[in-house]
Each structure stands twice: as C-alpha cells, then as structure tokens.
> 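For reference, the structure I am asking about is given below.
All residue numbers refer to positions in the sequence shown, counting from 1. Heavy-atom basis, side chains included; hydrogens, waters and symmetry copies ignored.
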Amino acid sequence: MKSHARVVVIGGGVVGVSTLYHLTRKGWKDVVLLERTELTAGSTWHAAGLLPLFNMSYTVGQLHKYSVDLYKRLPAETGQDVSFHVNGNLRLATCAQRMDEYQKYCGTANTIGVPYQLIGPEQVKALWPLVNLGDGVDTPRIVGALYHPDDGHIAPADLTMALRKGARSGGADIQENCEVTAASRTPSGDWRLTTTQGEITCEHVVCATGNYARQTGRMFGINVPAIPVEHQYIVYSESAELKSYREGGGRELAVLRESDASYYLREERLGWILGPYEAGAPARFADGVPEWFGKTLFDGDLDRLLPHVEAAQRRVPVLEHCGIKDIVNGPISYTPDGSPMIGPAGGARNLWLNEGHSFGITAAGGSGWQLAEWIAEGEPGIDMLAVDPRRFGSYCTRRYLIKKNEETYRSVFTIHFPDEERPDARPSKTSPVYDKIDRLGAVWGQRYGWERANWFAPAGVERRDVWSFRRSNYFRHVGNECRLMRERVGVIDLTPFSKHEVTGPGAEAWLDGLVANKVPVKLGRIALCHALTKRGGIRSEFTITKVGEQHYYVISAGAAERYDSDYLQRMLPRDGSVGLRNITTSRGCFVIAGPRSRELLARIVDVPLDNGAFPWLTGQVIEAGYASDVYALRVNFVGALGWELHFPIEHAHHLFDAIFEAGKEYGIGMVGMRAMESLRMEKSYRMWGSDMTRDYTPFEAGLDRFVRMNKGAFIGREALERQLAAGVPHRFVTLQAHDVGDADPLGNEPIFAPDGSIVGRATSGYYAHTIEKSLAIGYVLPGYAAVGTELQMEILGLRRRATVLVESPFDPDNRELKA
Ligand SMILES: Cc1cc2nc3c(=O)[nH]c(=O)nc-3n(C[C@H](O)[C@H](O)[C@H](O)COP(=O)(O)OP(=O)(O)OC[C@H]3O[C@@H](n4cnc5c(N)ncnc54)[C@H](O)[C@@H]3O)c2cc1C
C-alpha cells in the first residue's frame, strides 16, 4: 500500500468509488480508496438498483440527473456494462393533492431540464397493462401519474465496477481488505490514517462509509448525523402473466410507484421486486456496526410489509399468483431530512463527507461529481446547501437521530407539502419564552432543531395546519398578522438567529476581507454584508454591527449556525489578532416592528428613539426594562419601522412581559414565520439559502449596493470583476403572478418568455397580504428584467401571466422603515 496520497477515500461502496472516479476526472491521480472488506460489501450489493429522478430538491434533482446521464455513457467509456434498463418510472396518483405534488415537482424538473410527462389513467393503462386503475371502493382510483421515460434501474455492483475501472484508468489505487482504524494529524497538518495494512498520510480524507458513518465520525472526533434504518424488498417468483406479456412482445414495464400506498414495484427477470417504505422500520446501528455484521442481511419482517403487499396486490392483481422467493432486509443510511451529506465536515480541515445516502445508487454519480469539484477547485459547481453536512447542528443527538430518521424513512412516499412540519423529536430547542408564546396560540414549526411559531391561531380557531400546495386554513390568520405588523405593532421571536462575536485588533480588517460590503467603521453602524465564494456566488449573509471598539456583533440565519461558524473559524487568522465566539444561545432576539413600535419601545427604554438620535441602520447598547447590555438594532426583515432587541438570554421572560405590557395600548400581537415570509416578499428581501445562494453573485441578485469593488481585496472580488467585464448573466426580479386562483408561487417555478422558452426561475414566492398580490422573486435572463415586462410562470401546472414589478412593491422608498 502507498504510504502517502493526495486524497484517501474511505469506503468502497458505489459512493466512494464514484468520488474516486470523479477525482481522477479532475486530473487528480494520486488518490487512493481503502475498503475494509471488498467493494460493494456495504449496502451497495443488495440495493434494488432503482434510479428515481424524482426529487423535490433543486440541488438533489441536479445530482440525480447528472447520475442518470453519466450511467448511460459509462459502458462506452469504461467497457464495463452496468445493466442500465431505461424502462422509465411511473408514479401513480390517487388524489388531487398528490397531483399537486407532481405538478410542483414538474416546475423544478423544468428548471433542471429533466424530461417528464404527466399522464391520465388511460395512458397509465396503455403503459402498464397489468395495472388495475381502481374502482374507488376496494382500490383507490388512479387520477393520473408522473412518468419519467429516462430513468429505470441498474445493477449496483456492475455500476461500481465500471466506476472502479474508470478510476483505475485515471490513475487511482484501490486497496481492499484495508480498514481504517484511527485518524490523527501529522505535525505538518496532513492526515495520518492507521489501517489494518499500515499507515498512510494524505492531504484530504473523504468518508464514504455508508452504515459506518457514525463510527467513522468518531475516529475524526465529529458527530455524523447518519443512522441507518431497516429497508426491505420482496423478490417474487416468476409471474405467468408477466411472462406471457413479455413473450407477446411487451416492453419491460416501467418501475411502478404507488406513492399513496408507499411502495415501488419493478420487474426482476420474469418476476417482481416489491419495495415498501413501511411504518415501524427500526433504526439500526446507532452505536456503530457490530463486528458480526459483514455482507449480512437482517431477517425479513413480513408482518410489517403486509399492508403494502395487499395494496400492491389490489393494484397489480397478477402479484397474487406469485410466490415470495426472498425478502431482502438491509440497513439503509438515513439523515434527519432524508438528503445525503456531501461536502466539508464541519470542524476539521480537509475532511470531507459523502455520507448518509438513502438513494445512494441514484446519487453516487452526482455526489462524486460535485464533491470532486469541491475538493479540487475549492468550490462546488452548483449550490449544495441542501446537502451540505453543516446544515445539521449539535441538536442531532443519538436519540434525536433514531426518532427522526425512522420518521424520515416512513415519510419517503408521503406528500411533500411545502408547509409540512413533521412532528417527531420535538420540541427540542426552544426559546426561553416558548411557553408564553405557546399560550398565545402558536402553531409551531421547526428549523435547525428550533421551534418557531409559524402562525397564531386566534381564540376558537384550531391550532393545526392543513398542509397544502395551495392557500390553506391559516391563510386568513397569516394575513391578519401581516396587517397587524403594517398597521400597529408586532413581535417576532427570532432567538434562533446565529450570533457571533468578533473582537480584537484585527477584527475589522479580517471581516472586511471576508465580505463584499464595507464593514462598519463607526461605532453603532450596521452593514448588511455578504461573504462570497471564490467564484463570486453568495455563501453567507451577515448583519454586522459595530457594538464596541474592536468589537463586532455578527448575525446570520438561524439555520446557518454551524455552516457559518465553521467558515468563520476556518478563516480566522492564526496570529491571534481576532477573537471569535459563537454566542447564539447566550442572546435572545425579539423583533418589535410596526408603526407603533417607537412609542412602545419608548416605554421600556431610556434612550431617545427619534431619527436624529437613533437612525435607521444603527444600533446601540442600551438598557431595556431591567435588562442591561441589550443590543438594540434598527433593522428588520419585514420592512417596517422597528428594532431588533438582542438581549442576554436570562432577560427573555422579563423583556417579553415588559414588551407586551407596554404594547397593550398599541394593539400589540405576535407575528409568525409565515407572515414574515409574506412581509419580506413584498419588500423583495432575499432570503439566504433560497434567493441568495452560491449559484448567483450579488450583481445577479441585485445587491450591487452591498458590494464595494473599490474598498480593496475581498474573497470573490476577482470573479465579480470578471463577471462585470463579461456581462451579468441573470437579473433579479420581483414578479406579480396574475389570476392564480388559490395557488401562489412558492419557489422553483419556471419562468417563461412570451415565446414559451424558459428564461428564469422563481426562488421564492408567497401571497403578499397587505398589498394583495401574489408575488415571486427570482432570476431571469437580462433581457426580461425591465419593470413591466410580461412573462409567464408555471404554478402547479398552469401557465399564469406574470409581470415584472418595481423592486419592493410595498413602500419602494422605504418611508416606513425610516419613519
Ligand atoms: C434493501 C435496500 C434497497 C435499496 N435500493 C436502492 C435503490 O433501488 N436505489 C438507490 O439509489 N438506493 C437504494 N438503496 C440504498 C443504497 O444501497 C445506498 O444508498 C448505497 O448503497 C450507499 O452506498 P455507499 O457507498 O454510501 O455505502 P456502502 O455501500 O454501504 O459502502 C460503504 C463502504 O464503506 C466501507 N467502510 C466502512 N468503514 C470503513 C473503514 N473504517 N475503512 C474502510 N472501509 C470502510 C464498508 O465496508 C462499505 O463497503 C437500497 C438500500 C437497501 C438497504
């Protein structure tokens, strides 16, 4: 075995081998893969080999598309057949909401370029003659289906071997029967891996260890939130009816998915494979894979499968005539949100994860492609936030993962409503005033482990979401919260914000080199700053306030805590001139906003609040009620006169009570996340993670006013210069969608020119209650961005007229903010 390599990939499943292959495609030849037993011995060997293109995520959708395209060309490239059956994929729908889900997905598919067809029951029957369309009594009636002609199934082991061949011909080494047992750093900062075949040092380590991810993480001192769950499929014996259909010239039937009954069915030779995603499947190996588990399977649990077997038999009656040959029950890696972890492991330099794959055969190509890009170029080629390992935080404890991963597994086929909030392992992280807010009627959601009030049910209204792709039960109440904020004064608990303290003599210069805007120099000034990637894309958004000499308070999105913290930590100068502290949980935050907010605040603070004394975009360290050391910042995300109070967490109860006591007179009320979404939309405020991603530069995002090209060096500046010289390829727009009925844009809708060509995509959308318009924000090609341009947008399958509006359709001159 080599004693040094540039990259060592740990794990010889399809994901590890794909990563190796793609590293060689980037020209990195000095790369080694270590596998504890033999290639494919983990989950890869027993996978059913399905390659579903369907995925609601824009990022994962792109990864899957890349895989399917790659797998088609691999045999020609490597000389190794992969048994890719492009027999298509048919997802049935038995209810209108399922069709809504498919329609919503089709918007994403359109923007990614994945071919699909939405078909009716007759076409389903024509494509799949053995299907029972249902009578609506014993078997639900099929109302339509989503058909992907381009995907199908593959032989996972053959695929791995083709990737191995490609990697080897690109110069990579593969060492089987070589288990990595320990990891440490060399004095020069390289990795030193101890293995059963000796030591190897390397610059980068990629972990692609499937079910072993947690114990691999422990070797490196990190918590990897992936715990496998049992997953089974049934192999049936030969089907006489299928045989005669095929012998009569019928082509291989598409993979059939009855989403509403939570199973897939595909041909296997002349029999079937039936794979349910059942309730009650247990998490396994929470403490690591035991020694005895080799190329092993669990015992099958037919009882658990039975309801799905019966549903499948009703839908495909010929199944009843087939005997069960085998049940394959293996561990399938899961993460709390069901997406894999691809990218830098937080907390350790040059440690990369390609873990947590539950659709790893499908995602292997795409994940290897982007991870190799990231390692070799320092950046992925597409926005990878949805799969970035740092989207998970320390709340992902063992117990949380067991609960959440089991829930995610059984929810694979549930309808993925945009407003869905899954109930398990909650509440976990709460603001100190959670109970008080709860008593005010909060209907809770969860993000990054935090409970956040989505909306407030007035007395007598049921505190429950009816999830939907359309306007739902909370629509009216969210509207009332918006009006409360615009007309009186509202409070939002934004305690989950990520908060960092940056101090020291080097603080200003260091921050200034990280972000495109000028970091505030004057005490009390606030600046909205964007950290860019080397390619100029938007990586993070920080609100930076100078709260003291050599002292900055840095706020970013709640869900970005680990993502931003890890980045800031990595970028710190080593000379000790800058101090960095994550103070997320030591400060709470209440937003107090609306036209009466000044009067309210005046009752609990002793500083003047008029524009002269406390102008917009400034902050002061003040006392509020009995609380000291409160950072009062005159900014907010709802476009109203208002302040964010960031206070030492121990004052949360007192301040909350004081605010509500003082606010009685002004008609104060709580405002939830959904109202905030509506309010920020009518101000065209971009949201980090959806509207601001590394796919777009600040110039494309229309954030030119936050970029100071002449201030000196900052990360991403050269890329911005190149973009300015070459021309900015997209423009940010705010659009009004017309005649939408009850379905507003929600993001990921394709935008069309009058000639029918796709010219952009919406990145967010919502109904703007106070201006009574259905709005979307997003990106279009430069020729389509002028105010007044008439475009079209596809919302749940229907083309709607969409007009480009002036930025910030509510209060474009910011009079309210500056009132
Ligand atoms: C029943 C079943 C059906 C499935 N069907 C499908 C499907 O149809 N489509 C689909 O896309 N996905 C499917 N999956 C999921 C798919 O199998 C996995 O997502 C995929 O195989 C994961 O690949 P991997 O390379 O990440 O992990 P694995 O294949 O598990 O590989 C990890 C490798 O790392 C090695 N390793 C671990 N620790 C070390 C160490 N310390 N040193 C060296 N080597 C180490 C292991 O030996 C193992 O070989 C299915 C899963 C199951 C259980």
> Does a side chain donor of either T201 or D190 reach within less than 3.5 Å of an acceptor in the other side chain?
no

> Would you call the rings of Y277 and F359 parallel, tilted or perpendicular if under 30° counts as parallel and over 60° as perpendicular?
parallel

> Is there a side chain to side chain contact (heavy atoms under 4.5 Å, CB included) between I327 and L305 once you walk through the steps?
CA-CA 10 Å; I327 298 180; L305 298 175; 4.2 Å; yes

> Going by distance alone, is a donor N or O of one side chain under 3.5 Å from an acceptor N or O of the other, for S262 and H308?
no

> Does a side-chain N-to-carboxylate-O contact under 4.0 Å join K534 and E377?
no

> Considering residues at least two apart in sequence or located in another chain, which fulfil the side-chain hydrogen bond (donor to acceptor under 3.5 Å, both in side chains) criterion with D566?
R390, R570

> Which is it for Y66 and H22 under the ring-ring contact (aromatic ring centres under 6.0 Å, His included) test, yes or no, and what are the steps along the way?
CA-CA 12 Å; Y66 172 89; H22 283 94; 5.5 Å; yes

> In terms of the angle between their ring planes, are H231 and Y409 parallel, tilted or perpendicular, with boundaries placed at 30° and 60°?
perpendicular

> Can you sort out the partners of S83 under side-chain hydrogen bond (donor to acceptor under 3.5 Å, both in side chains), two or more places apart, ordered by chain and number?
D158

> Passes side chain to side chain contact (heavy atoms under 4.5 Å, CB included), Y395 versus L401? Steps please.
CA-CA 9 Å; Y395 60 92; L401 291 174; over 6 Å; no

> Kindly indicate whether the side chain of L74, heavy atoms from C-beta on, has any atom under 4.5 Å from the side chain of L163.
yes

> Quick one: side-chain hydrogen bond (donor to acceptor under 3.5 Å, both in side chains) partners of D173, sequence neighbours excluded?
none

> Partners of D81 by salt bridge (charged side-chain N to carboxylate O under 4.0 Å, His left out), sequence neighbours excluded?
none

> Crowded around R218 CZ? As in, over 12 foreign heavy atoms under 6.0 Å?
yes

> Output all residues satisfying salt bridge (charged side-chain N to carboxylate O under 4.0 Å, His left out) with R447, sequence neighbours left out; order by chain, then residue number.
none

> By side-chain hydrogen bond (donor to acceptor under 3.5 Å, both in side chains), which residues pair with E203, not counting sequence neighbours?
none

